[in-house]
Number of protein chains: 2
Amino acid sequence: MTADELFRALGDPTRLEIVRRLSNRESCTISMLLSGLGISRQGARKHLQLLADANIVTLKPDGRDTIVSLNRATLAKGKAFITEIELQWDKRLEALRQYVDNDQINDL
Amino acid sequence: MTADELFRALGDPTRLEIVRRLSNRESCTISMLLSGLGISRQGARKHLQLLADANIVTLKPDGRDTIVSLNRATLAKGKAFITEIELQWDKRLEALRQYVDNDQINDL
DNA sequence: ACTTTATGCAACCAAAAAGTTGCATAAATC
DNA sequence: GATTTATGCAACTTTTTGGTTGCATAAAGT
């Protein structure tokens, strides 16, 4: 799963709300999770499937219900991606700083 | 700018490639940045505008050119959002652990 | 057995996104 | 001054997304 797929899955207010709910509740059933989102069950269910496809969420059938749980490792990947970008940025800035310093030495 | 808007802006391979390029290069002109992305200049320019609208990138006209630079603070917000979710998750798990511990005490 | 509850699947629609092409313009360069 | 280069704006098409409704089904509760 690529970083853009992960971010795309997080890039919707309904889906982000689902993720927020899962971070607060225990893993819960689909109907509990999706009630009160302001859209139809099937509409919300599509969002949930998108999260499942992006591996942000895991669905486990259990009798009549289906249990939804948050996949922490996947979220961590998104965080790691941003951290990596920031790291590259820092390295570049540091290289620039050293370059400027050398110029100052040359100016002596 | 909401978290979902930020993630949505990052949720596209072309835009993520633009961000990656900016993390490695010095701030550069639009044409330098967008060449070789595999789509038309105007197509790529639309993606760049989306990144600018999400405040991930800043555009600064300079004579004939326009200088593009990465906005570090905005990326940090995305990271912070995920961190917050993880924190909620941890707090919930800790509460659950203590609950289980109490049960064990009750069993004595 | 009958009813309710939790869920899935599929068709359909409207709006947004991704991409294209063509034309315009203003700054640099020759 | 003529040309090249960097850019913008706008119209248009195709694909994707977000949402709906209707119908089906299987497990639990009465």
Side-chain angles (χ1 to χ4, degrees), chain A residues 1-22 25-71 78, chain B residues 1-22 25-70 74 78:
Chain A
M1 194 235 333
T2 55
D4 61 287
E5 287 170 340
L6 170 60
F7 288 134
R8 161 159 270 156
L10 293 176
D12 175 273
T14 302
R15 291 194 290 271
L16 224 41
E17 172 61 20
I18 292 173
V19 168
R20 270 196 210 95
R21 284 182 177 198
L22 279 170
R25 283 166 186 64
E26 255 323 283
S27 56
C28 55
T29 68
I30 287 183
S31 51
M32 264 192 282
L33 181 62
L34 301 186
S35 71
L37 283 174
I39 58 176
S40 68
R41 174 181 65 85
Q42 286 86 343
R45 180 55 235 256
K46 278 193 182 181
H47 284 297
L48 185 60
Q49 190 58 47
L50 242 151
L51 289 172
D53 291 344
N55 206 33
I56 293 168
V57 130
T58 302
L59 305 180
K60 193 176 119 196
D62 174 33
R64 183 171 52 164
D65 303 320
T66 292
I67 306 298
V68 187
S69 55
L70 197 59
N71 191 341
Chain B
M1 194 233 335
T2 54
D4 61 286
E5 287 169 340
L6 170 60
F7 287 134
R8 161 159 269 156
L10 293 177
D12 174 274
T14 301
R15 291 195 290 270
L16 224 41
E17 172 61 21
I18 291 173
V19 169
R20 271 197 210 94
R21 285 180 177 200
L22 278 170
R25 284 166 186 65
E26 255 322 283
S27 57
C28 56
T29 68
I30 288 183
S31 51
M32 265 192 280
L33 181 62
L34 300 186
S35 71
L37 283 174
I39 59 176
S40 68
R41 174 181 66 84
Q42 287 86 343
R45 180 53 236 255
K46 279 195 182 179
H47 284 298
L48 185 61
Q49 189 58 46
L50 242 151
L51 289 172
D53 291 344
N55 206 33
I56 293 167
V57 129
T58 301
L59 305 180
K60 193 176 117 196
D62 175 32
R64 182 170 55 165
D65 301 322
T66 292
I67 306 299
V68 187
S69 56
L70 198 58
T74 304

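In what follows, chains are A, B, ... by sequence order, proteins preceding strands, each numbered from 1. Values in this document were obtained by computation on a predicted structure and should not be read as measured data.
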Report summary line: Ranking D/dA28, D/dG8, D/dG18 by distance to the side chain of A/Asp12, first place goes to D/dG18

Query raised in the report: Between B/Arg45 and C/dT20, does any side-chain N or O lie under 4.0 Å from OP1 or OP2?
Result: no

Query raised in the report: Which whole-number value in Å describes the distance from A/Gln49 CD to D/dG19 P?
Result: 16 Å

**Report entry** Between D/dG8 (C1') and B/Leu34 (CG): distance, integer Å
**Finding:** 13 Å

Query raised in the report: A/Gly43 near the nucleic acid: base, sugar-phosphate alone, or nothing, with a heavy-atom cut-off under 4.0 Å?
Result: base

Report summary line: Which of C/dA6, D/dT7, C/dG19 is nearest the side chain of B/Ser31? It is D/dT7

Query raised in the report: Between C/dT5 atom C1' and A/Asp62 atom CG, what is the distance in whole Å?
Result: 15 Å

Query raised in the report: Is the closest basic N to carboxylate O distance between A/Arg20 and A/Glu17 below 4.0 Å?
Result: yes

Query - Interatomic distance, A/Leu10 atom CG to A/Glu5 atom CD [nearest 0.5 angstrom] - result: 12.0 Å

Query - Separation between CD1 of B/Ile18 and NE2 of B/His47, rounded to the nearest 0.5 Å - result: 7.0 Å

Query raised in the report: Given atom CG of A/Leu50 and atom P of D/dG19, what is their separation to the nearest angstrom?
Result: 11 Å

Query - A/Leu22 side, atom CG; A/Asn71 side, atom CG - distance, nearest 0.5 Å - result: 11.0 Å

Query - N/O (side chain, B/His47) to phosphate O (OP1/OP2, C/dG19) under 4.0 Å - result: yes

Query raised in the report: Rounded to the nearest Å, what distance is computed from the CG atom of residue A/Asp53 to the C1' atom of nucleotide D/dT17?
Result: 14 Å

Please write out each protein N/O paired with an N/O of nucleotides 22-25 of chain D under 3.5 Å, distance rounded to 0.1 Å.
unit_1, atom_1, unit_2, atom_2, d
D/dG22, O6, A/Gln42, NE2, 3.0

Query - Interatomic distance, B/Arg64 CZ vs D/dA6 C1' [rounded to whole Å] - result: 6 Å

**Report entry** Atom pair CZ/CZ of A/Arg15 and B/Arg8 - distance to nearest 0.5 Å
**Finding:** 7.0 Å

Query raised in the report: To the nearest 0.5 Å, how far apart are CG in B/Leu59 and OG1 in B/Thr66?
Result: 7.0 Å

Report task. Kindly compute the distance separating CG (A/Leu48) from OG1 (A/Thr14), expressed to the nearest 0.5 Å. Result -> 11.5 Å

Query raised in the report: Has A/Arg8 got a side-chain N or O lying under 4.0 Å from the OP1 or OP2 atom of C/dA17?
Result: no

**Report entry** Distance in angstrom units between A/Ile67 CD1 and C/dA6 P, rounded
**Finding:** 12 Å

Query raised in the report: Within less than 4.0 Å of OP1 or OP2 of D/dG19, is there a side-chain N or O belonging to A/Ser40?
Result: no

Query raised in the report: When you measure from the side chain of A/Asp65, which nucleotide among C/dA18, C/dT7, D/dT5 comes out closest?
Result: C/dT7

Report task. Looking only at side-chain atoms of B/Lys46, point me to the closest of C/dA11, D/dT7, D/dA11. Result -> D/dA11

**Report entry** Atom pair distance, as rounded to whole Å: CD1 in A/Ile30 and P in C/dA6
**Finding:** 11 Å

